[in-house]
*Asks:* 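Once you've had a glance at the structure underneath, I'll fire off some questions.
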Amino acid sequence: MPPVAILAGGLATRLRPVTETVPKSLISVADQPFIAHQLQLLRRERTERVVLCVGHLGSMIRDVVGDGHQFGLDVAYSFDGDRLRGTGGALGHALGLLGPTFFVLYGDSYLDVSFAPILAAFRRSGALALMTVFRNDGRWDTSNVLFDGTWVTRYDKRDPAPNMRYIDYGLSILTPEALDQRRGVESFDLADVFSALAAAGQLAGYEIKRRFYEIGTPDGLAQTDHYLRGMRPERQ
């Protein structure tokens, strides 16, 4: 399985004041730091290498996770440095630690899905990147993806169209070439990369029909805690 980059460098302003002193990845969810649940899931999906892209209080995450051996993983770190790089800039900064193909996962998402079929779909597509999508119809967030069953034909977080029914599920696959147009740019949003790739016909799509869980808001945190507490032991 290719490496997984976890984007965990944000300020988590919606969870303040807790995240002023504790990074979002270390918030307790179902009696464990949230990052522990993510890493256990990645190990279940036969991931071997994880690169944590960290910024705000990132050294605290490193102190808890270490080299990843406690989770059966090899974990490396890419620190933003003196200023936040944004999701795209953080990923570009970490390319030297990743391979020719890698998954990207947001640091506040718990996505209980099988990775192997997603990887197979990406390889069949020949695209520079793949975005998993979820038919949202405005339920969880503003729908901002046009998906034709195989390709993401448009992605626009800033000006979504009325006929958009899908959202970014939160798990993607990229190649370094997907970021070529941003080489040398220190700070940028990964969403802008996806928008450009969709416009160029280089963003494959894969529909997930199981809902996602996230801890980016207090309500999402409560729902994720409830879900993880109710998981069967063999799914941990």
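Values below: all heavy atoms of this structure, side chains included; hydrogens, waters and symmetry mates excluded.
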*Asks:* Taking 4.0 angstrom as the limit, do R135 and D137 come out as a salt bridge?
*Replies:*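 Yes, this pair counts.
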
*Asks:* Please examine the side chains of L130 and L203, heavy atoms only from C-beta on, and report whether any two atoms are closer than 4.5 Å.
*Replies:*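 In short, these two side chains do not touch, never coming nearer than 4.5 Å.
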
*Asks:* Between Q38 and S109, is there a donor-acceptor pair closer than 3.5 Å when you use the side chain of the first and the backbone of the second?
*Replies:*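 Side chain of Q38 to backbone of S109, a donor-acceptor pair under 3.5 Å: yes, one is there.
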
*Asks:* Does D192 come within less than 4.0 Å of R158, counting only side-chain N to carboxylate O?
*Replies:*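 Here D192 pairs with R158 in a salt bridge, since their nearest N and O are under 4.0 Å apart.
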
*Asks:* Could you tell me whether a side-chain N or O of D225 sits under 3.5 Å from a main-chain N or O of A30, the two making a donor and an acceptor?
*Replies:*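 Confirmed, D225 side chain pairs with A30 backbone.
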
*Asks:* Go through the steps for T153 and D148 under the test side chain to side chain donor-acceptor pair (under 3.5 Å), then give the verdict.
*Replies:* CA-CA 7 Å; T153 58; D148 67 4; 5.7 Å; no

*Asks:* Side chains of D112 and Y110: does their closest heavy-atom pair fall under 4.5 Å?
*Replies:*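 D112 reaches Y110 side chain to side chain.
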
*Asks:* Specify whether Y166 and F147 have parallel, tilted or perpendicular ring planes, treating 30° as the upper limit for parallel and 60° as the lower limit for perpendicular.
*Replies:*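 Correct class here is perpendicular.
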
*Asks:* A side-chain contact here means heavy atoms from C-beta on lying under 4.5 Å apart; do M1 and R49 qualify?
*Replies:*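 They are not in contact (no side-chain heavy atoms under 4.5 Å apart), so the answer is no.
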
*Asks:* Measuring only between side-chain heavy atoms, which start at C-beta, is P2 closer than 4.5 Å to L119?
*Replies:*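 Sidechains of L119 and P2: in contact.
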
*Asks:* Does T175 use its side chain to pair, donor to acceptor, with the backbone of L128 at less than 3.5 Å?
*Replies:*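 Yes; at least one donor-acceptor contact below 3.5 Å.
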
*Asks:* Between R229 and D31, is there a salt bridge with N-O shorter than 4.0 Å?
*Replies:*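 A salt bridge is present here (some side-chain N lies under 4.0 Å from a carboxylate O).
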
*Asks:* Could R211 and Y213 be counted as a cation-pi pair, given that NZ or CZ must be under 6.0 Å from the ring centre and within 45° of the axis?
*Replies:*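 Output yes; distance and angle both within limits.
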
*Asks:* Donor-acceptor check, side chain of T224 to backbone of E214, threshold 3.5 angstrom: yes or no?
*Replies:*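 Here the side-chain-to-backbone pair exists.
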
